[in-house]
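First comes the structure, then the notes that go with it.
Note that the structure is a prediction, hence the values are computed from the model and not measured. Chain A is the first sequence line, chain B the second, and so forth, proteins listed ahead of strands; every chain is numbered from 1.
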Amino acid sequence: MRLEALARAVIADALTKLSLPSPSEGIPVKRPEKAEYGDISSRIAFLLAKELRRPPQGIAQDLVTAVSHPDIASAEAVGGFLNIRLRPVALWRFLREILAEGEGYGGWDLGGGRSLQVEFVSSNPTGPLTVGHGRQAALGDALANLFSALGWEVTREYYLNDEGRQIELLAKSLWARYRQALGEDVPVPEDGYHGDYLVPLGEELAREWGNKYPGWTPEAAEAFRRVAVERMMGMIHEDLAAIGVSFDVWTKEGDLHRRGLVREVFEALREKGVVYEKDGAFWMRSTSYGLPRDPVLIRSDGTPTYLMVDIAYHVDKYRRGFARVIDVQGADHVEEQQQVKLALKILGYPEGFLDYCVHQFVTLKGREGVERMSTRKGKFLRLKDLVDELGRDVVRYFMVRRKPEAHLVFDMELAKKTSMENPVYYVQYAHTRIASIFREAEKRGESLTDHGIREVDLSPLDDPEEIALIKELDRFPDVVRKAAEGYGPHLLCEYLEGLAGIFHPYYNRVRILGQGKATPARLALLTAVKTVLAKGLSLLGVSAPEVM
RNA sequence: GCGCCCGUAGCUCAGUUGGACAGAGCAGCGGCUUCCUAAGCCGCAGGUCGGAGGUUCGAGUCCUCCCGGGCGUACCA
């Protein structure tokens, strides 16, 4: 049992003793910011005050007299709050439980093995991945890890849009580069892809194919489309490999069409009476449901829009048996998201099935020319290049360090620093230091065996920083849960930096080895700290090195 | 114009279901290292939480309006 659970149990017991009602929303407990307010406090008296028509402080005082538990050192009523302080023995027991759980510590069984899909990146194969996609890759992968830790069966999925107008433009842009390589002055289409990355490929095709495609014919379009998509996918795979993200399922847009799903879902919407025809196209009556505009589902040339396919894709996800789907997408897709959600609602799919994790964009501070990135204009920094420069861990960590819905200013200066000013190294180095102590302990014959860890006397852990460390370790599972459910891996960064922030000063001040009875106790504590640091970092997709 | 997001210390940002005098890192200033790695540690200073109303015993947190910034507002994806 952890701190919050213990406090709730103790307070529930006191309420029963006093014949007071227990609030339906549960007993609120919180770790106060100030040490003088104890280890854990509750504002329960405020909740009961209205119902009982008594001042909170009086209720809190009654609770103080009724609270009794061998783990509780003291209870106080201050300004209506009930402040509880624990005996160290309770914390030692928490630590022992953490050690017993080992690497599984921090996990939950909330998912119950149900299947959940995280769809992310899903960048069109029109160019390599940019730094912006890097945020999505890091974010999506971290969320997938977090939901796995919550007990969900997680599938990572990439939606591959390998058809349509953008791909046509890509093909034509590549063809233009190919003609240029043959010495012809063919411009890249105005709204095409102007990035340098197509130049060497155009040269390559010029060598390989010679003057086989002098004009932009259907045959040329097909040939250039095929090779362009293939090569762009190759680059995307390189970028994903660089940042260390892999997918379980790749779904191609073309497959959805071939299965007739798009048509079927369109007809289903039509039967619901939300489709109308205008100017030769078919529109969805979204404004009737409060959305700002009606979107086109089927163009006047008979082809479905991206939205229509997207709706069908999500129907497919439901049929594939996912209990929950989280799409990680950029803020420029918000309207699209509203439309998809509306369509699913009209079709009768459950409300909570689909949810979006929307993130804002990345700007690079300290790098000229790529403040605002655009794949089309060829103004971007390739993800792989950033990873090559900074290392995977740094890129990953920086990308998830801010809450998704806020703009991310990627500080190149800070990211390049290898000192502990760089938060990634600050956290990793805490892990490494502990590993280093363990190696030293081994040398000196002071290290703990697995058996020893279970049996060790923890009572020497009475230093305020040792107590603080245990309390912080005790918080870890809640952080994991909040980071997952709130789509906020940044909370995990905060937590890890905080934990490292207690450890480093402690390490600096307190000797671990050669301290008699205190040594095994401290080694046990550091074992738990190390486990939690490693687990936290791994949830973010960041390594926890033994040596740096 | 309309929709969504953001606006907290010089900078980059946290702030859990509204709660106890508003926090961290960096930058600034001042100290500290014979040690299990100084790729460090300690301390000081710094904010009318964009502005104005409102709800509440209590608002950085909820509601309304305004200001500033971003994104979207395509028969593109």
Report yes or no: is the cationic atom of R270(A) (NZ for Lys, CZ for Arg) under 6.0 Å from the centre of the six-membered ring of F282(A), at an angle within 45° of the ring normal? yes
Just call it for A281(A): base, sugar-phosphate, or nothing, with non-hydrogen atoms closer than 4.0 Å on any strand. base
E253(A)-Y313(A) side chain donor-acceptor pair, cut-off 3.5 Å: no
Could you tell me which residues satisfy ring pair (Phe, Tyr, Trp, His ring centres under 6.0 Å) with F46(A), sequence neighbours excluded, listed by chain and number? F81(A)
Parallel, tilted or perpendicular, as decided by the 30° and 60° cut-offs, for the rings of W283(A) and Y276(A): parallel
Return the stems involving RNA chain B, sorted by first number, where pairs are Watson-Crick (N1-N3 with N6-O4 or O6-N4) or G-U wobble (N1-O2 and O6-N3), both under 3.5 Å, and runs are 3 or more long. B:1-7 with B:67-73, B:10-13 with B:23-26, B:28-32 with B:40-44, B:50-54 with B:62-66
Under 4.0 Å, heavy atoms only, any strand: does E497(A) hit a base, just the sugar-phosphate, or nothing? nothing
Could you tell me whether T432(A) contacts a base, only the sugar-phosphate backbone, or nothing, with contacts defined as non-hydrogen atoms closer than 4.0 Å? base
Taking side-chain hydrogen bond (donor to acceptor under 3.5 Å, both in side chains) as the test, write out the residues that go with E405(A), two or more places apart. none
Can a side chain N or O of Y426(A) be found less than 4.0 Å away from OP1 or OP2 on C41(B)? yes
Base, sugar-phosphate alone, or nothing: which one does P32(A) contact when heavy atoms must sit under 4.0 Å apart? base
Can you tell which of A20(B), G3(B), A27(B) lies closest to the side chain of E421(A)? A27(B)
By nearest heavy atom, map E253(A) and R43(A) onto RNA chain B; which one lands nearer the 5' end? R43(A)
Rounded to whole Å, CZ of R31(A) lies from P of G23(B) at a distance of 19 Å
Name the nucleic acid region contacted by D279(A), choosing base, sugar-phosphate or nothing; use a 4.0 angstrom heavy-atom cut-off, strictly under. base
Which parts of nucleotides 9-14 of chain B does protein reach within less than 4.0 Å, heavy atoms only, written one letter per nucleotide 5' to 3' as B for base, S for sugar-phosphate only and - for none? --SBSS
Would you measure the distance from the P atom in U61(B) across to the matching atom in G54(B) and give it in whole Å? 14 Å
With heavy atoms under 4.0 Å as the rule, sort F46(A) into base, sugar-phosphate or nothing. base
Over all strands shown, is Y425(A) touching base, sugar-phosphate only, or nothing at heavy-atom distances under 4.0 angstrom? nothing
Assess the side chains of Q339(A) and S286(A): does a donor N or O sit below 3.5 Å from an acceptor N or O? yes
Which is true for S41(A) with a 4.0 Å heavy-atom rule: it touches a base, it touches only sugar-phosphate, or it touches nothing? base
If we count only N and O atoms by modelled type, under 3.5 Å, do the side chains of D301(A) and T303(A) hold a donor and an acceptor together? yes
Taking atom types as modelled, is there a side-chain donor on D327(A) or H314(A) under 3.5 Å from an acceptor on the other? yes
Please compare F81(A) and V547(A) by the position of their nearest nucleotide in RNA chain B and report the one closer to 5'. F81(A)
Please work out if N83(A) contacts a base, only the sugar-phosphate, or nothing of the nucleic acid, heavy-atom cut-off 4.0 Å. base
Which pairs, protein N/O on one side and nucleotides 30-36 of chain B N/O on the other, fall under 3.5 Å?
unit_1 : atom_1 : unit_2  : atom_2 : d
C35(B) : O2'    : R511(A) : NH1    : 2.9
C35(B) : O2     : R511(A) : NH1    : 3.4
C36(B) : N3     : I512(A) : N      : 3.4
C36(B) : N4     : Y507(A) : O      : 2.6
C36(B) : N4     : V510(A) : O      : 2.6

Given the structure, check if the side chain of T305(A) and the base of C75(B) hold any donor-acceptor pair shorter than 3.5 Å. no
Can you name the residues that form a salt bridge (charged side-chain N to carboxylate O under 4.0 Å, His left out) with E336(A), not counting sequence neighbours? none
